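These numbers come from the heavy atoms of this one structure, side chains and all, not from hydrogens, waters or symmetry mates. Sequence lines set the chain letters: A, B, ... in the order given, protein chains first and strands last, and positions in each chain run from 1. Everything numeric here is computed off the predicted structure, so don't read it as measured data.
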Number of protein chains: 2
Amino acid sequence: MPNNRKQEYDCPIRDVLDRIGDAWTVLILMELSRGACRFNALRRVVDGISQRMLAVTLRNLERDGLVTRQVLETSPPQVEYALTQRGVSLRAAIDTLSDWAQANQTDIRASRAEYDLAKAD
Amino acid sequence: MPNNRKQEYDCPIRDVLDRIGDAWTVLILMELSRGACRFNALRRVVDGISQRMLAVTLRNLERDGLVTRQVLETSPPQVEYALTQRGVSLRAAIDTLSDWAQANQTDIRASRAEYDLAKAD
DNA sequence: CCGAATCCGGTTGGATACTG
DNA sequence: CAGTATCCAACCGGATTCGG
């Protein structure tokens, strides 16, 4: 039920988190923000992503208008993905979170270590 | 492998997304930002959350130093949760994302509808 | 080269029942 | 009141295979 109920309320922040909360979307977004990229090129650089998840993630991004998909008429055909303007603006919003993450990561790690230690009494 | 590999790289943004990417953390964070709250009070207001997930989520938040857990010496004992300073700052970062979500949600919905329609040809 | 379809093991999280 | 423990169904995503 967790995934069905996600869209149960009309909560915009949930929409975004459902998109970027998974393991790969943010990585792909970051990679594409460095410039357009083809499928297998992405696959090599994202490192560890399966073909399936790359396809699924890109399709979702395209569906939300965050990424464009352009088929190049080469032989064999190639497909180039690029951020839309909306995608760029999302990336900027994510950067805020990323900044927070970097600024607080050592403190958070310390808190976790302390917490785990206290539990191991 | 997706969950084991999450922490594989030392990527701070992943740390944050692993925390707030789930269904409940953000909702609880938002609720606590309105003031301290007890367990069952949270449970009532968050609406739809199971007892188990509320406990798990709160424990994770506490572990990261985002939330404090204070046992009140009443009878029966009550437990009050509140945001830490760090929790407040995270909420601020999330607000940026939330603003983006609100600003773009109608466009995104439109994109999705258009995409789905094009697929149903 | 790009992707969809199928299969299937591991994780997630709800329901329920039980403690301090 | 505030959790923990157990059980189990649903989902997610990797591996593999096949199509355009």
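- The CZ atom of Arg59(B) sits 9 Å away from the C1' atom of dG3(D) (whole-angstrom rounding).
- Among the nucleotides dC1(D), dT4(D), dC1(C), the one closest to any side-chain atom of Gln78(A) is dC1(C).
- A donor-acceptor contact closer than 3.5 angstrom is absent between the side chains of Asp99(B) and Thr96(B).
- A straight line from CG of Leu54(B) to P of dA2(D) spans 10 Å, rounded to a whole angstrom.
- Distance Asn60(A) CG to dG13(D) P: 10 Å, rounded to the nearest Å.
- Of the two residues contacting DNA chain C, namely Arg43(B) and Asn40(A), the nearest-nucleotide position lying further toward the 5' end is that of Asn40(A).
- Over its full length, the helix from dC1(C)-dG20(D) to dG20(C)-dC1(D) turns its helical axis through 40°, comparing axes from the five pairs at each end and rounding to 10°.
- For the pair Met53(A) CE and dC2(C) P, the computed distance is 18 Å after rounding to whole Å.
- Side-chain heavy atoms closer than 4.5 Å link hydrophobic residues (I, L, V, M, F, W, Y) into clusters, and following such links, possibly through other members, connects Val26(B) to Val46(B).
- Atoms CD1 (Ile28(A)) and C1' (dC2(C)) sit 14 Å apart, rounded to a whole Å.
- Donor-acceptor pairing under 3.5 Å is recorded for the side chains of Ser111(A) and Arg86(B).
- The side-chain contact (heavy atoms from CB on, under 4.5 Å) check on Ser75(A) picks up nothing, with sequence neighbours excluded.
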Could you go through the side-chain hydrogen bond (donor to acceptor under 3.5 Å, both in side chains) check for Ser98(B) and Asp95(B) one step at a time?
-> CA-CA 5 Å; Ser98(B) 185; Asp95(B) 280 344; 5.1 Å; no
Side chain to side chain contact (heavy atoms under 4.5 Å, CB included) between Leu17(B) and Arg14(B), worked out | CA-CA 5 Å; Leu17(B) 289 175; Arg14(B) 274 256 52 86; 3.6 Å; yes
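- In this structure, Ile49(A) atom CD1 and dC12(D) atom P are separated by 16 Å, rounded to whole Å.
- At a non-hydrogen distance threshold of 4.0 Å, Arg69(B), Pro76(B) from residues 62-76 of chain B come into contact with DNA chain D.
- Taking 4.0 Å as the cut-off between side-chain N and carboxylate O, Asp15(A) and Arg19(A) do not count as a salt-bridged pair.
- A chain of hydrophobic side-chain contacts below 4.5 Å, direct or via other Ile, Leu, Val, Met, Phe, Trp or Tyr residues, connects Val16(B) to Val88(B).
- Using a 4.0 Å cut-off, some side-chain N or O of Tyr81(A) falls inside it from OP1 or OP2 of dG3(C).
- You'll find the side chain of Arg38(B) stays beyond 4.5 Å of the side chain of Tyr81(B), heavy atoms only.
- Note on Trp24(B): a side-chain N or O is less than 4.0 Å away from OP1 or OP2 of dG14(C).
- Distances shorter than 4.0 Å separate some side-chain N or O of Arg38(B) from OP1 or OP2 on dA2(D).
- For the pair Arg52(B) CZ and dA9(D) P, the interatomic distance rounds to 16 Å; values are reported in whole Å.
- Regarding Gln51(A), its CD atom lies at a distance of 7 Å from the C1' atom of dG3(C), rounded to whole Å.
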